[in-house]
Amino acid sequence: MSLLCKKQPPDAQGRIQHVTPESVGWRYVGFDAYQLRKGQTLQLESGDKELCLVLVAGLASVKTLRAEFPGIGKRMSPFERTPPYSVYVPNNDKVEVHADSDLELAVCSAPGKGSLPARLISPADVGVEQRGKGRNKRLVHNILPDDQPADSLLVVEVYTNEGDTSSYPSHKHDQENSEHETYLEETYYHRFSPEQGFAMQRVYTDDRSLDECMAAYNRDVVTVPRGYHPVATLAGYDNYYLNVMAGPVRLWKFSWEKDHAWVNSEAYPKAD
């Protein structure tokens with residue numbers, strides 16, 4: 001089974017990506033992406049999942065069974081590089097999303113326990129940080145990190161400039177019951193500026209029983225069931241990706257691939 005999920009033409013609901021645990025053969029992470037026209041309304045039910053609705057681009061009004069968030073959104077392109085508006089939805093809830101403009105919406109899902117209320121995650125709630133140095137710099141927006149309330153989901157978006165790498169040095173988080181790692185499945189929803197661009201992403205394990213390199217284009221999804229998963233951008237094209245992670249323990253704990261960990265050290269000659 002390929003780890004690359006190509007963008008599909010919008011269906012009647014505007015959905016262009018549909019990743020479920022069943023479709024990719026894992027246990028926790030689900031991901032959908034929608035392109036809605038202005039005035040279009042989307043109805044969702046969370047069932048036994050918790051959801052994080054991320055407004056990748058555009059404006060919306062969101063209503064759940066017990067909460068309303070009218071007139072949210074600000075950025076009209078993810079490449080404005082400002083943090084997004086998002087809405088957290090617990091399991092056993094219903095959601096109505098009205099597109100107040102053309103809307104690109106990501107729906108992230110993972111098992112929920114129903115212990116938390118629906119809430120708005122505004123740009124002011126999103127942690128912003130710069131990581132890396134030299135040709136390994138990236139801008140990170142922590143939408144739903146492990147120090148903020150949720151049952152399973154971890155959600156983050158990352159910007160990588162043309163010619164740079166990210167999710168690098170190669171790291172992995174695929175071990176259960178380890179003091180060094182947590183088991184986290186992960187999806188990458190890729191966007192590019194200009195839109196015809198692509199990036200190379202490799203997913204591989206130490207023993208190379210999994211070793212797949214993919215050209216991810218605009219609005220493609222790469223699934224990472226295990227192993228290392230670096231991204232390399234190409235000249236002329238800036239890259240954005242939205243990451244969704246979940247597993248049995250809601251903690252991002254990873255280990256570096258030993259061969260490349262030196263890129264984090266002072267031995268890497270490029271200055272910030």
Side-chain angles (χ1 to χ4, degrees), residues 2-11 14-19 24 29 31-37 52-60 73-86 99 101-108 123 126 128-132 134-143 155-170 186-204 212-224 228-245:
S2 174
L3 304 181
L4 180 64
C5 303
K6 299 296 293 181
K7 175 202 169 186
Q8 300 300 308
D11 65 12
R15 187 166 63 188
I16 59 171
Q17 285 284 0
H18 183 47
V19 175
V24 295
V29 172
F31 179 82
D32 291 316
Y34 295 84
Q35 287 183 281
L36 303 179
R37 299 180 304 277
C52 183
L53 281 57
V54 180
L55 277 62
V56 177
L59 314 175
K74 183 177 181 181
R75 71 184 192 192
M76 302 308 291
S77 164
F79 292 98
E80 294 175 20
R81 301 193 182 212
T82 57
Y85 279 81
S86 304
S101 71
D102 287 349
L103 177 67
E104 184 172 357
L105 178 72
V107 179
C108 319
V126 175
V128 178
E129 60 178 312
Q130 298 278 351
R131 294 182 191 161
R135 306 298 342 160
N136 193 47
K137 291 180 183 176
R138 59 271 195 210
L139 170 66
V140 177
H141 291 160
N142 292 300
I143 298 168
V155 182
V156 62
E157 58 182 19
V158 178
Y159 296 87
T160 313
N161 291 333
E162 59 164 325
D164 288 353
T165 57
S166 59
S167 290
Y168 188 80
S170 301
E186 186 167 15
T187 56
Y188 280 67
Y189 176 64
H190 284 279
R191 294 279 272 104
F192 294 93
S193 178
E195 289 195 352
Q196 70 269 28
F198 67 97
M200 303 304 297
Q201 184 161 15
R202 184 184 179 199
V203 180
Y204 63 103
E212 187 169 340
C213 190
M214 295 150 281
Y217 280 79
N218 204 42
R219 299 188 174 93
D220 287 349
V221 170
V222 172
T223 61
V224 182
Y228 308 104
H229 39 278
V231 175
T233 66
L234 301 181
Y237 301 100
D238 292 336
N239 174 234
Y240 159 98
Y241 51 76
L242 178 68
N243 285 141
V244 184
M245 293 180 282

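Excluded from the calculations below are hydrogen atoms, water molecules and symmetry mates; all remaining heavy atoms, backbone and side chain alike, are included. In this chain, residues are counted from 1 in sequence order.
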Cut-off 3.5 Å, no hydrogens considered: what does the side-chain donor-acceptor table look like for residues 3-10, sequence neighbours left out?
residue	atom	partner	partner atom	Å
Lys6	NZ	Asp220	OD2	2.7
Gln8	NE2	Lys6	O	3.0

Open item on the list: Restricting to salt bridge (Lys or Arg N to Asp or Glu O under 4.0 Å), what partner residues turn up for Asp32, sequence neighbours left out?
Closed with: none
Open item on the list: Using 0.5 Å steps for rounding, measure from the CG atom of Leu103 to the CE atom of Met76.
Closed with: 8.5 Å
Open item on the list: For a quick test of reading the model, state the closest non-hydrogen atom pair linking Val54 to Cys108 and the distance between them.
Closed with: CG2-SG, 4.3 Å
TODO: Compare all side-chain heavy atoms of Asp238 with those of Arg81 and state whether any distance is below 4.5 angstrom.
DONE: yes
Task: Counterpart residues, ring-ring contact (aromatic ring centres under 6.0 Å, His included), relative to Tyr34 (two or more places apart) - done: none
- [ ] Check whether any side-chain N or O of Gln17 sits under 3.5 Å from a backbone N or O of Arg219 as a donor-acceptor pair, and report yes or no.
- [x] yes
TODO: For residues Leu55 and Gly73, report the shortest heavy-atom separation together with the two atoms involved.
DONE: CD2-CA, 3.9 Å
TODO: Would you check if Ile143 and Leu242 make a side-chain contact, meaning some heavy-atom pair closer than 4.5 Å?
DONE: yes
- [ ] Check the pair Val128 / Leu139 against side chain to side chain contact (heavy atoms under 4.5 Å, CB included), numbers first and verdict last.
- [x] CA-CA 7 Å; Val128 178; Leu139 170 66; 3.7 Å; yes
Task: Residue pair Thr223 / Val203: nearest heavy atoms and the distance that separates them - done: O-CG2, 4.4 Å
Task: Test ring-ring contact (aromatic ring centres under 6.0 Å, His included) applied to Tyr85 - qualifying residues, sequence neighbours left out - done: none
TODO: Report the residues that fulfil salt bridge (Lys or Arg N to Asp or Glu O under 4.0 Å) with Glu157, sequence neighbours left out, ordered by chain and then residue number.
DONE: Arg75
Open item on the list: Measuring from atom OG of Ser193 to atom CD of Glu162, what distance do you get when rounded to the nearest 0.5 angstrom?
Closed with: 10.0 Å
Open item on the list: Measuring only between side-chain heavy atoms, which start at C-beta, is Pro169 closer than 4.5 Å to Asn136?
Closed with: yes
TODO: Over all heavy atoms of both residues, which pair between Pro123 and Pro83 is shortest? Give the atoms and the distance, please.
DONE: CG-O, 3.6 Å
Open item on the list: Once ring-ring contact (aromatic ring centres under 6.0 Å, His included) is applied, do any residues pair with Tyr217, and if so which ones, sequence neighbours excluded?
Closed with: Phe198
Task: Nearest-0.5 Å distance that lies between atom CG in Leu53 and atom OG in Ser86 - done: 8.0 Å
TODO: Only one of Tyr189, Phe31, Tyr188 passes side chain to side chain contact (heavy atoms under 4.5 Å, CB included) with Asn243; say which it is.
DONE: Tyr188
Task: Atom pair CG (Asn239) and CE (Met200), whose distance is rounded to the nearest 0.5 Å - done: 12.5 Å
TODO: Check Pro230 against Tyr204 and note the closest heavy-atom contact, atom names and distance.
DONE: CD-CE2, 3.8 Å
Open item on the list: In the structure I gave you, are the side-chain heavy atoms of His141 and Val156 within less than 4.5 Å of one another anywhere?
Closed with: no
Task: Value rounded to 0.5 Å, distance of CG in Leu59 from NZ in Lys74 - done: 11.5 Å
Task: Residue from Lys137, Arg138, Arg135 passing side chain to side chain donor-acceptor pair (under 3.5 Å) with Asp164 - done: Arg135
Task: Where Tyr241 and Ser166 come nearest, the two heavy atoms and their spacing - done: OH-OG, 2.8 Å
Task: Passing candidate, side chain to side chain donor-acceptor pair (under 3.5 Å) with Gln201, options His229, His190, Glu212 - done: His190
Task: Value rounded to 0.5 Å, distance of CD in Gln35 from CG in Leu105 - done: 11.0 Å
